[in-house]
Amino acid sequence: MDKLLITGGRPLSGEVAISGAKNAALPILCASLLTAEPLHLTNVPHLNDISTMLRLLGGMGVGITLDGADGLLLDGSGLNNPVASYEMVKTMRASILVLGPLLARCGEARVSLPGGCAIGARPVDQHIKGLQAMGADIRVEQGYVHAQASRLKGARICTDMVTVTGTENLMMAACLAEGETIIENAAREPEVVDLANCLISMGARISGAGTDVIRIQGVARLHGATHAIMPDRIETGTYLCAAAVTGGDVRLLKTSAAYLDSVVDKLLDAGCEITVERDAIRLVAPPRVQAVSLRTAPYPAFPTDMQAQFMALNCVANGVATIRETIFENRFMHANELMRLGANIQIEGSNAVVRGVDRLEGATVMATDLRASASLVIAGLVAQGETLIDRIYHLDRGYERIEEKLARLGAQVQRVT
């Protein structure tokens with residue numbers, strides 16, 4: 001099993017390109033199920049979750065052709081097996097995103113309940129309720145969602161909670177439904193907008209993406225299209241945090257600050273200088289960052305996927321910070337691992353109080369989920385001595401060639417087996 005060995009204490013410096021967004025690419029890959037014509041995607045990141053999704057789609061009959069370094073051609077004309085087995089989906093929650101497209105196009109779907117990171121309950125009941133409102137007959141038996149519908153009907157759906165994958169699943173299903181579907185309390189994340197833009201280029205009629213009310217006028221069929229995946233805002237934020245914590249000066253390419261207002265604001269509060277360009281961001285860190293308190297909430301508030309990285313930043317910051325996690329109830333598992341490096345963290349329910357220390361010391365730590373892995377990398381970059389991070393398969397789910405990119409910025413980091 002691979003591990004990451006980091007020798008800390010070096011400021012990050014230089015330029016590195018940001019990859020396409022995992023959380024945008026996964027639902028857009030599933031959009032290929034909605035049409036018999038080819039869907040051409042560019043800026044697709046090379047990640048384990050992407051590979052898993054491609055294997056899942058391939059098993060359903062979708063033709064997959066690589067096109068250059070970051071391009072894919074997906075051909076859904078051979079779709080013949082609307083089943084997502086447990087073996088295929090147990091490691092990735094995003095697999096539930098095939099449910100809506102399969103049901104809309106094939107009239108049936110059999111999808112295993114998903115797995116993924118162990119960061120708390122993430123129920124799929126909102127997906128099921130929404131599809132039932134559109135006329136689907138759904139049973140959950142032996143760990144599988146069995147869904148049938150001759151043709152989905154447009155409906156008004158108000159979700160009980162803001163759910164990104166739920167919004168995406170229902171939006172895709174509604175594209176081929178009869179009549180108008182209105183999704184209220186919809187997720188507003190940029191990845192939802194990116195999916196909507198791809199669907200619109202395929203002939204879907206969608207308005208309101210990026211707001212809490214999305215309207216979809218169903219059409220009889222969708223056609224092929226070409227779409228570029230948006231840059232990964234969480235990868236961007238992670239490298240910005242790594243530069244801030246190490247006292248670095250980095251310029252991130254092929255990305256945008258447009259989706260990162262809350263993260264940029266916190267980094268400014270921490271004392272960083274940030275220069276925003278059209279497709280790049282530069283951060284110059286102070287000698288020591290200031291502690292910043294935060295509260296996670298759905299977009300456009302502070303993202304839960306950046307909480308762990310800012311906890312690592314606060315571990316060596318000047319002052320005391322309080323972090324409140326409101327999205328997932330089990331997302332402080334990285335705190336114990338950070339404490340192995342010498343961090344001073346107190347967990348009180350959904351709050352973490354982080355008192356900055358003068359230095360962290362390298363140690364062996366274990367990744368517990370994707371973003372926890374990133375926090376350990378950031379801490380390892382600033383810790384004195386060597387930090388060995390175990391179970392980095394979590395990291396490979398969401399960060400493309402992280403050791404190569406960090407090495408390009410001057411970090412001493414290597415993958416070891």
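One is the number of the first residue; the rest follow in order along the sequence.
When atom types are taken as modelled, the side chain of Arg288 and the backbone of Ala317 share a donor-acceptor pair closer than 3.5 angstrom. A side-chain donor-acceptor contact under 3.5 Å links Ser293 to the backbone of Thr322. Side-chain N or O atoms of Glu184 include none that pairs as donor or acceptor with a backbone N or O of Val213 at under 3.5 Å. The backbone N or O of Val292 lies less than 3.5 Å from a partner atom in the side chain of Asn314, making a donor-acceptor pair. Put simply, the side chain of Thr255 never gets that close to the backbone of Leu252: no donor and acceptor are under 3.5 Å apart. Using a distance-only test at 3.5 Å, with no hydrogens or angles considered, a donor-acceptor pair links the side chain of Asp232 to the main chain of Glu235. Judged purely by atom type and a 3.5 angstrom limit, Asn169 uses its side chain to pair as donor or acceptor with the backbone of Ile96. In this structure a side-chain-to-backbone donor-acceptor pair under 3.5 Å is missing from Glu403 to Val413.
Side-chain contact of Gln309 with Thr238: a donor-acceptor pair under 3.5 Å is present, judged by distance alone. For the residue pair His394/Asp369, the side-chain donor-acceptor check at 3.5 Å is not satisfied. Glu325 and Thr304 share a donor-acceptor pair across their side chains, judged by distance under 3.5 Å alone. No side-chain N or O of His146 forms a donor-acceptor pair with one of Asp137 less than 3.5 Å apart. Side-chain N/O atoms of Ser19 and Lys254 include no donor and acceptor closer than 3.5 Å. Side-chain contact of Gln307 with Arg371: a donor-acceptor pair under 3.5 Å is absent, judged by distance alone.
Salt-bridge check for Arg251 with Glu277: passed, with a basic side-chain N closer than 4.0 Å to an acidic carboxylate O. In this structure, Asp305 does not pair ionically with Arg233, as no charged nitrogen and carboxylate oxygen lie closer than 4.0 Å. Under a 4.0 Å N-O distance rule, the pair Arg391/Asp2 does not qualify as a salt bridge.
One distance of note links CD of Gln126 with CG of Leu131; it measures 11.5 Å at 0.5 Å rounding. In this structure, CD in Gln412 is found 8.0 Å from CG in Leu5, a value given to the nearest 0.5 Å.
For Phe302, the ring-ring contact (aromatic ring centres under 6.0 Å, His included) partners two or more places apart in sequence, or in a different chain, are Phe310.
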Could you walk me through whether Ile214 and Met171 satisfy the side-chain contact (heavy atoms from CB on, under 4.5 Å) test, starting with their C-alpha distance in whole Å, then the side-chain angles of each, then the deciding distance to 0.1 Å, before giving a yes or no? CA-CA 8 Å; Ile214 301 176; Met171 186 165 64; 4.1 Å; yes

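Figure legend: Arg110 and Tyr144 shown as a cation-pi pair, the cationic atom lying under 6.0 angstrom from the six-membered ring centre and within 45 degrees of its axis.
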Side-chain donor/acceptor pairs under 3.5 Å, residues 33-59, sequence neighbours excluded:
| residue | atom | partner | partner atom | Å |
| --- | --- | --- | --- | --- |
| Thr35 | OG1 | Glu37 | N | 3.0 |
| Thr35 | OG1 | Leu222 | O | 2.8 |
| Glu37 | OE1 | Gly224 | N | 3.0 |
| Glu37 | OE2 | Arg221 | NH2 | 2.5 |
| His40 | NE2 | Asp67 | OD2 | 2.6 |
| Asn43 | ND2 | Ile229 | O | 2.9 |
| His46 | NE2 | Ala69 | O | 2.5 |
| Asp49 | OD1 | Arg397 | NE | 2.9 |
| Asp49 | OD2 | Lys22 | NZ | 3.4 |
| Asp49 | OD2 | Arg397 | NE | 3.3 |
| Asp49 | OD2 | Arg397 | NH2 | 3.0 |
| Ser51 | OG | Leu47 | O | 3.3 |
| Thr52 | OG1 | Asn48 | O | 2.9 |
| Thr52 | OG1 | Arg55 | NH2 | 3.4 |

